[in-house]
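Worth knowing before you read on, the calculation uses all heavy atoms, side chains too, and leaves out hydrogens, waters and symmetry mates. In what follows, chains are A, B, ... by sequence order, proteins preceding strands, each numbered from 1.
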Number of protein chains: 2
Amino acid sequence: MTSNPRRGPYICGIDAAMDVVTGKWKSLILWELDNHGTRRFGELKRGLPGVSEKMLIQHLREMEQDGLVHREVYREVPPRVEYSLTEHGTTLNDALRPLGAWGTKRSQRLAAEHELVS
Amino acid sequence: MTSNPRRGPYICGIDAAMDVVTGKWKSLILWELDNHGTRRFGELKRGLPGVSEKMLIQHLREMEQDGLVHREVYREVPPRVEYSLTEHGTTLNDALRPLGAWGTKRSQRLAAEHELVS
DNA sequence: CAGCATCCCCCAAGATACTG
DNA sequence: CAGTATCTTGGGGGATGCTG
């Protein structure tokens with residue numbers, strides 16, 4: 001296993017949630033899967049500009065282990081693999097929505113400040 | 001400056017919020033300040049078992065720069081410094097609450113599973 | 001009391017190349 | 001298409017010691 005051997009014990013709820021969300025692309029993967037319902041590996045890669053195949057697969061595997069993501073393999077040629085959110089993944093994404101809204105406001109505030117300078 | 005020179009540009013709101021929350025103890029600092037309203041440096045340190053002085057001050061400085069935390073210095077002997085949440089820090093903490101609730105449920109689920117094993 | 005200065009380690013993440 | 005395998009590195013974070 002390549003990944004972080006943490007998964008508890010946790011000091012509080014946020015701690016437990018962050019453990020699962022930490023990883024440069026994880027929250028974006030959640031977002032992408034929630035928007036499209038189901039995505040193939042290549043679609044995810046194109047949807048996350050800058051991600052490497054290594055990090056993408058690594059994050060997906062961890063999220064699968066954490067019960068957030070479902071991985072469906074279709075034995076075809078060429079191979080097809082589809083990723084989707086599980087129930088837990090969906091509720092996590094819902095729980096992240098207020099944080100996303102806060103971040104959006106913060107972005108706008110920063111942009112406005114930068115506007116005053118330039 | 002010791003810290004991460006990111007602060008944008010961001011792909012989405014969650015990205016922008018995570019940039020500010022990322023750091024091993026930051027969400028716990030928010031939690032601690034929100035619970036007590038105001039805390040001295042030493043109180044924070046005692047409230048976060050395991051944190052080093054270096055990381056605590058580093059995180060506090062970054063959060064101050066990000067407009068989440070207010071730092072009030074009282075020029076006394078011995079010196080006294082009090083930290084509290086700003087308006088933005090408070091709203092961020094509010095936005096984190098659903099995530100904390102999700103994490104708590106996840107913890108309970110993990111504990112229950114572990115119960116079945118032992 | 002509330003920090004600052006250093007040194008050090010580990011691992012998340014990037015880059016590159018190859019495969020069923 | 002959907003991955004593996006391997007090497008490398010940046011910097012987050014720990015430990016220790018010192019100071020106004």
Nearest-Å distance, [atom1] ([X]) to [atom2] ([N])?
{"X": "B:Gln58", "N": "C:dA2", "atom1": "CD", "atom2": "P", "answer": "19 Å"}
{"X": "B:Glu64", "N": "C:dA2", "atom1": "CD", "atom2": "P", "answer": "15 Å"}
{"X": "A:Arg39", "N": "D:dA2", "atom1": "CZ", "atom2": "P", "answer": "11 Å"}
{"X": "A:Arg6", "N": "C:dC10", "atom1": "CZ", "atom2": "P", "answer": "19 Å"}

### Task
Could you tell me whether B:Arg6 and B:Asp15 make a salt bridge, using a distance below 4.0 angstrom between a side-chain N and a carboxylate O?
yes
#### Entry: Base versus backbone protein contacts along nucleotides 15-20 of chain D [heavy-atom cut-off under 4.0 Å; B, S, -]
B----B
### Query
Excluding sequence neighbours, so at least two apart, what forms side-chain hydrogen bond (donor to acceptor under 3.5 Å, both in side chains) with A:His70?
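A:His70 satisfies side-chain hydrogen bond (donor to acceptor under 3.5 Å, both in side chains) with A:Glu72 only.
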Does anything in [range] form a salt bridge (Lys or Arg N to Asp or Glu O under 4.0 Å)? List the pairs, not counting sequence neighbours.
{"range": "residues 79-96 of chain B", "result": "B:Glu76-B:Arg80, B:Arg80-B:Glu82, B:Asp94-B:Arg97"}
{"range": "residues 42-60 of chain A", "result": "A:Arg39-A:Glu43, A:Lys45-A:Glu53"}
{"range": "residues 107-118 of chain B", "result": "none"}

### Task
List in numerical order all residues of residues 30-38 of chain A for which some heavy atom is under 4.0 Å away from an atom belonging to DNA chain D.
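None, since no heavy atom is under 4.0 Å.
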### Message
At a heavy-atom distance below 4.0 Å, what parts of residues 41-49 of chain B sit against DNA chain D?
### Response
none
Under 4.0 Å between a side-chain N/O of [X] and OP1 or OP2 of [N], yes or no?
{"X": "B:Arg40", "N": "C:dC1", "answer": "no"}
{"X": "B:His59", "N": "D:dG12", "answer": "no"}
{"X": "B:Arg71", "N": "C:dA2", "answer": "no"}
{"X": "A:Arg80", "N": "D:dA2", "answer": "no"}

### Task
Describe the nucleic acid contact of A:Tyr74 in one word from base, sugar-phosphate, nothing, applying a heavy-atom distance below 4.0 Å.
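The answer is nothing, as A:Tyr74 stays clear of every strand by at least 4.0 Å.
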### Query
Touch check for B:Arg75, heavy atoms < 4.0 angstrom, all strands: base, sugar-phosphate only, or nothing?
nothing
#### Entry: salt bridge (charged side-chain N to carboxylate O under 4.0 Å, His left out) partners of B:Arg40, counting only residues at least two apart
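None.
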### Task
Can you sort out the partners of B:Arg71 under salt bridge (charged side-chain N to carboxylate O under 4.0 Å, His left out), two or more places apart, ordered by chain and number?
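Here no residue qualifies.
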May I have the list of side-chain donor-acceptor pairs in residues 100-107 of chain A shorter than 3.5 Å, sequence neighbours left out?
from     : atom 1 : to       : atom 2 : distance (Å)
A:Trp102 : NE1    : B:Thr91  : OG1    : 2.9
A:Thr104 : OG1    : A:Gly100 : O      : 2.9
A:Arg106 : NH2    : B:Tyr10  : OH     : 3.2
A:Ser107 : OG     : A:Gly103 : O      : 3.3

### Message
Side chain of B:Pro78, heavy atoms from C-beta onward: which of C:dC1, D:dT4, C:dG3 has the nearest atom to it?
### Response
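The answer is C:dC1, which lies nearest to the side chain.
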### Query
In degrees rounded to 10°, what angle is found between the helical axes fit to the five outermost pairs at each end of the helix from C:dC1-D:dG20 to C:dG20-D:dC1?
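About 60°, once rounded to a multiple of 10°.
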### Task
List for me each residue that meets side-chain contact (heavy atoms from CB on, under 4.5 Å) alongside B:Ile57, sequence neighbours excluded, and say none if there are none.
B:Phe41, B:Arg61, B:Tyr83
